[in-house]
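Presented below is the structure to which this report refers.
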Amino acid sequence: MTVLRMTARLLRRGLAGLVALLLGVAVFELVNPFVADSLGGPQGLEGILRSLPPALQAFTKSQPEFIAVSGLAGYLSLGFTHPLYLTLASAALVGFGARTLAGEMERGTIQLALSRPISRFQVYAARVLGVVIVAVGLAIAGPVGMLLGMGLAQPEGTLEIRYFVPTALGTLLLFWAIGGLTLLGSAASSTTGRVVAWATAALVLFYFIDYFATLWAFLEPLEPLSIFAYYDPSQSLVNGALPAQHIITLGLIGLGGAAGGLLVFLHRDLPT
Amino acid sequence: MCKGDIWLLAPGNLGCYPPVMGNPGPPEIAVETTGLTKRYGEIAALTDLHLAVPAGSIYGFLGPNGAGKTTAIRLLMGFIRASSGSARIFGHDVWADGVAARRDLGFLVTPDAFYPDMTGAAQLDYLAHLSGKPPVLRDRLLETLELGKDALRRRLGSYSKGMRQKLALTAAFQHDPALLILDEPTDGLDPLIQRGFEELLRDLRERGRTIFMSSHDLAEVERTCERVAVVRGGRLVAEETVEGLKRLQRRTVEVTFVGEAPPELALVPRVTIVSREGRRVRLAFEGDLNPLLRFLAGHDVADLVLAPPRLEDVFMAFYGEDERGPGGARGAPAVEAQDAATEPDLVMRR
């Protein structure tokens, strides 16, 4: 009960910003069906994507051959790998993870709980629960926005509604991995700014490893080091597939980050 | 009327209070440290601190900035881990068994630690929930500290420093804990409210609560504390009752004789002649005053000036050298301070 109350307090603190980011994610995905419709359906999309240079195709993770086969679902899945979508979601997760642990240590706010008969484990568990709630919210906001857009724009082409479930699950796992790593950084650091800087640097590095591995063959061996290598919403939205390897890897990365953060937090000194 | 179940009472009912801890009868020692040491690399912030704070007392913890007070308090709270030694609250190790150690504890957080987006009332409710005990003293505290209901309806962002301090005090005391750990509790309070607060401390002590407080306000410590510990450079240099410390303090007496000053004056035990100007003699003495008084009773004395012992003098004796530094004296002109500072450890350490 105490953990839940602490989590509620943490979520309420930055609620306005969090809601704004969730809305941003939903609106971004809501717009995609309208864009697909305005571009002339799957045939029009394929033509436009073929005209893009390979570097831009890699950046947007769009392959014309795939769109040709996958049609509307293939195009709409690009909305879940778009840099803006990932930036909005990462901002919400990193912001929450950094503010509620490192930020509270920086301000001294964490003393409010730790001077009461509450264990460090409970204090940390409240943050983990908060990260899970934010991740679930983000993972749901995108598909909900896209479904609304589909209903409003009614673009040409077919899309299996049930495939939104594996898409949302894969997205949730990616966000859980980002959240877990952020918690590790937040437990080890003592300022919000430092956590945000490190998390941003790590995510950009992961993204560009994944990006350049698509362009340059010699970088392919590095691709498994990126968390984005285990995130494939196109396969999920087009085929309903969610590879077990992706589930296990992202799940373990998130769990490892959160567990590592717990170990650090249980043993560290709080900053002055 | 109290009928056993204390938690049925409305907050602020001054007639009924919960018992101290759940055990039958309070333990003898509320806070105990054994060889408590904290090092940051090569720097020793606190070294080998041995303390035993009796339950049901107001205990002062004194020292200038950087002496190790805050480090000791942070160790007691489990915010930082000791490099060696241990600290116990009501018998519970503060690190290994921290939840039990803090079960009946009130701690004064820094005023900036509060959530700025919450109202004062919401903040207090939230913290009462985290404490797991109802805020039975809240109304009395708000009255004593003059923190109005209107202020409690406002968000923390609009509070002045003094109001935040009052809220922090209310949050620490509201659940009537058996032990209060307070770091500079009256910082930011005006003198009138400070006196009311001291009265509250004494009242809590009467009801068996223990208060462990650090303060820069020595007059306040003298008014409220029974025992004090003095730290310097991370080490304990004195631990004594306030009265005992004052008795140990080297003091000066100015005696003006009717005739010439008797030469046997120099032979009185524990008395040193500091200066002599005709019939007026300035003396320094330590400990018991009676041998000097008995000696003076046998002579014609025109005037005698003996300033009352003050904790501040004791404190300045410990820190006189540090405080003066290269910039000269800072409110420490007393000869006795200068004298005693030469060997404070020998004089004060027990």
Side-chain angles (χ1 to χ4, degrees), chain A residues 1-20 95-96 99-127 129-130 187-192 262-272, chain B residues 38-40 45 66 70-71 73-83 89-90 92 94-118 122-133 156 167-168 171-172 175 177 179-183:
Chain A
M1 195 63 191
T2 301
V3 171
L4 289 178
R5 183 132 185 191
M6 283 192 285
T7 304
R9 168 90 286 274
L10 296 172
L11 289 168
R12 205 173 301 142
R13 172 110 198 269
L15 195 60
L18 194 58
V19 168
F96 181 84
R99 177 171 49 79
T100 56
L101 197 54
E104 290 213 349
M105 286 192 271
E106 185 178 11
R107 281 179 56 90
T109 309
I110 207 151
Q111 292 179 10
L112 293 174
L114 288 178
S115 59
R116 264 73 189 174
I118 293 170
S119 66
R120 288 194 181 204
F121 178 84
Q122 286 175 294
V123 167
Y124 188 78
R127 274 73 186 167
L129 184 58
S189 182
S190 300
T191 62
T192 307
L262 174 64
L263 280 177
V264 171
F265 185 64
L266 287 180
H267 294 97
R268 68 163 291 169
D269 287 351
L270 298 186
T272 308
Chain B
K38 181 64 182 177
R39 300 186 67 84
Y40 294 98
T70 301
T71 299
I73 287 176
R74 286 162 56 75
L75 283 163
L76 286 178
M77 293 306 300
F79 295 160
I80 54 176
R81 190 174 195 171
S83 304
I89 290 178
F90 294 120
H92 300 284
V94 298
W95 185 264
D97 196 11
V99 173
R102 298 190 298 272
R103 200 169 302 284
D104 208 357
L105 178 76
F107 174 66
L108 181 66
V109 297
T110 55
D112 292 335
F114 290 112
Y115 290 106
D117 61 317
M118 291 177 93
Q123 194 87 237
L124 292 175
D125 288 344
Y126 177 64
L127 294 175
H129 173 84
L130 294 187
S131 297
K133 295 174 78 180
L156 268 287
L167 191 79
H175 55 293
L179 170 67
L180 283 144
I181 295 181
L182 313 171
D183 196 359

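So you know, we letter chains A, B, ... as the sequences are listed, proteins then strands, and number each from 1.
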Measure from NZ or CZ of A:R9 to the centre of the six-membered ring of B:Y115 and say whether it is under 6.0 Å with the direction within 45° of the ring axis.
yes
Kindly check if the number of other-residue, nucleotide or ligand heavy atoms within 6.0 Å of OH (B:Y40) is above 12?
yes
Pair A:D269-B:K38, salt bridge (charged side-chain N to carboxylate O under 4.0 Å, His left out): steps then yes or no
CA-CA 11 Å; A:D269 287 351; B:K38 181 64 182 177; 2.6 Å; yes
Could you check B:M77 against A:L114 for side chain to side chain contact (heavy atoms under 4.5 Å, CB included), going step by step and ending with a plain yes or no?
CA-CA 8 Å; B:M77 293 306 300; A:L114 288 178; over 6 Å; no
Counting N and O atoms only, with roles assigned by atom type, does the side chain of B:S131 sit under 3.5 Å from a partner on the main chain of A:R116, one being a donor and the other an acceptor?
no
Residue A:L15 versus chain B: region with a heavy atom under 4.5 Å:
neither
Note: vs chain A, highest number of non-hydrogen pairs under 4.5 angstrom among B:I181, B:T71, B:D112, B:T70 is B:D112
Minimum heavy-atom separation for A:L112 to B:Q123, with atom names?
CD1-OE1, 3.9 Å
Kindly say whether A:I118 contributes a backbone atom to a donor-acceptor pair with the side chain of B:R102 at under 3.5 angstrom?
yes
Look at B:P177, B:P116, B:A122, B:G132 and state which one has the largest set of heavy-atom pairs under 4.5 Å with chain A.
B:P116
Tell me whether A:R107 contacts the main-chain N or O of B:F114 through its side chain, where contact means a donor paired with an acceptor under 3.5 Å.
yes
Below 4.5 Å from any heavy atom of chain A, which atoms of B:A168 appear? Answer side chain, backbone, both or neither.
neither
Checking B:R74 against chain A: side chain, backbone, both or neither under 4.5 Å from a heavy atom?
side chain
Do the non-hydrogen side-chain atoms of A:P117 and B:K133 ever get within less than 4.5 Å of each other?
no
In terms of heavy-atom pairs under 4.5 Å with chain B, which of A:M6, A:R120, A:M1 leads?
A:R120
A:S115 and B:L105, any side-chain heavy atoms less than 4.5 Å apart:
no
Nearest-0.5 Å distance, CD of residue A:Q111 to OG1 of residue B:T110
5.5 Å
State the CZ-CG distance between A:R5 and B:L130, to the nearest 0.5 angstrom.
7.5 Å
